[in-house]
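When reading the values below, keep in mind they use all heavy atoms of this one structure, side chains included, and skip hydrogens, waters and symmetry mates.
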Amino acid sequence: MDIYHITCDLLPGVAAHDFASAVDAWLGHLRREGAIHGWRLTRRKLGLSSLDLGDFHIMIETRDLAQLDNAFAVAARNDQPAASLHAAVYGKVANLGFALYRDFPDRL
């Protein structure tokens, strides 16, 4: 399993629940399309984190890099509803950070 991590803050004036609803709509769409295996949205608690990490953390699980590549392809398409769903999330965030991790040790 590969896990794509996204950290971010919200733009001023964006309500946390509106952001959560947009993430649910976008990543739910990707899951229904078979472009991701699963996902999770978390929020920093008690202000505990490194300074460079955002208030929100999204973890997107894919079976392998091919599935992740497919998720990026869906995000890059300019068709509906993908374009609107992606824009609804991306338009609410600032200070984006990204990382890609994998299960370890590798399964044989």
Side-chain angles (χ1 to χ4, degrees):
M1 189 72 56
D2 292 320
I3 306 165
Y4 186 64
H5 296 263
I6 303 167
T7 59
C8 64
D9 293 310
L10 299 183
L11 289 171
V14 173
H17 285 92
D18 291 343
F19 173 67
S21 293
V23 169
D24 182 58
W26 169 232
L27 296 180
H29 173 75
L30 287 179
R31 186 163 187 198
R32 287 187 299 279
E33 290 283 314
I36 64 173
H37 178 75
W39 64 274
R40 205 173 159 175
L41 172 65
T42 60
R43 188 173 192 181
R44 181 174 40 207
K45 188 169 183 171
L46 301 175
L48 294 175
S49 74
S50 299
L51 294 176
D52 58 339
L53 295 177
D55 193 30
F56 288 90
H57 180 205
I58 301 168
M59 294 159 276
I60 300 171
E61 296 178 335
T62 60
R63 288 183 306 275
D64 51 32
L65 290 177
Q67 189 179 35
L68 181 62
D69 188 53
N70 185 42
F72 285 131
V74 172
R77 289 193 316 229
N78 197 23
D79 60 358
Q80 295 302 328
S84 295
L85 293 170
H86 183 253
V89 174
Y90 191 75
K92 291 176 175 37
V93 298
N95 306 321
L96 287 163
F98 305 93
L100 181 62
Y101 287 81
R102 63 184 169 89
D103 285 335
F104 186 84
D106 293 326
R107 295 182 184 153
L108 301 176

Check whether any side-chain heavy atom of [X] lies under 4.5 Å from a side-chain heavy atom of [Y], and answer yes or no.
{"X": "Leu68", "Y": "Leu100", "value": "yes"}
{"X": "Ile36", "Y": "Glu61", "value": "no"}
{"X": "Ile58", "Y": "Leu27", "value": "yes"}

Notebook entry, point to check: Can you list every pair that meets side chain to side chain donor-acceptor pair (under 3.5 Å) and has a residue in residues 90-99, with sequence neighbours left out?
Noted result: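 Sorted pair list: Asp9-Asn95.
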Problem set entry | Sidechain N-carboxylate O distance under 4.0 Å for Arg44, Asp55 |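 Salt bridge flag = yes for Asp55 with Arg44.
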Check whether [X] and [Y] end up in the same hydrophobic cluster, where Ile, Leu, Val, Met, Phe, Trp and Tyr are linked by side-chain heavy atoms less than 4.5 Å apart.
{"X": "Ile3", "Y": "Trp26", "value": "no"}
{"X": "Leu53", "Y": "Met59", "value": "no"}
{"X": "Leu11", "Y": "Phe19", "value": "yes"}

Heavy-atom closest contact ([X] atom, [Y] atom, distance):
{"X": "Met1", "Y": "His37", "answer": "CE-CD2, 3.6 Å"}
{"X": "Asp2", "Y": "Leu65", "answer": "OD2-N, 3.3 Å"}
{"X": "Asp64", "Y": "Gln67", "answer": "OD1-N, 2.8 Å"}
{"X": "Ala22", "Y": "Ala88", "answer": "CB-O, 3.8 Å"}
{"X": "His29", "Y": "Ala82", "answer": "NE2-CB, 4.0 Å"}
{"X": "Val93", "Y": "Cys8", "answer": "CG1-SG, 3.6 Å"}

*Counting only heavy atoms not in Asn78, do more than 12 fall under 6.0 Å of its CG?*
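Check fails, neighbour count at 12 or below.
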Exercise. Can you name the one residue among Leu30, Val23, Thr62 that meets side-chain contact (heavy atoms from CB on, under 4.5 Å) with Trp39?
Worked result: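 For Trp39, the side-chain contact (heavy atoms from CB on, under 4.5 Å) check succeeds only for Val23.
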Once the angle between the rings of Phe72 and Tyr4 is folded into 0 to 90°, is it parallel (under 30°), tilted (30 to 60°) or perpendicular (over 60°)?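 Answer is perpendicular, since the angle exceeds 60°.
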query: Taking the six-membered ring for Trp, are His57 and His5 parallel (under 30°), tilted (30 to 60°) or perpendicular (over 60°)?
result: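 Plane angle under 30°, so parallel.
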Original post:
Taking atom OG1 of Thr7 and atom CG of Asp52, what is their separation to the nearest 0.5 Å?
Top reply: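 These two atoms lie 7.5 Å from each other.
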Practice item. Decide yes or no on side-chain contact (heavy atoms from CB on, under 4.5 Å) for Thr42 and Phe56, but give the supporting numbers first. Key: CA-CA 6 Å; Thr42 60; Phe56 288 90; over 6 Å; no
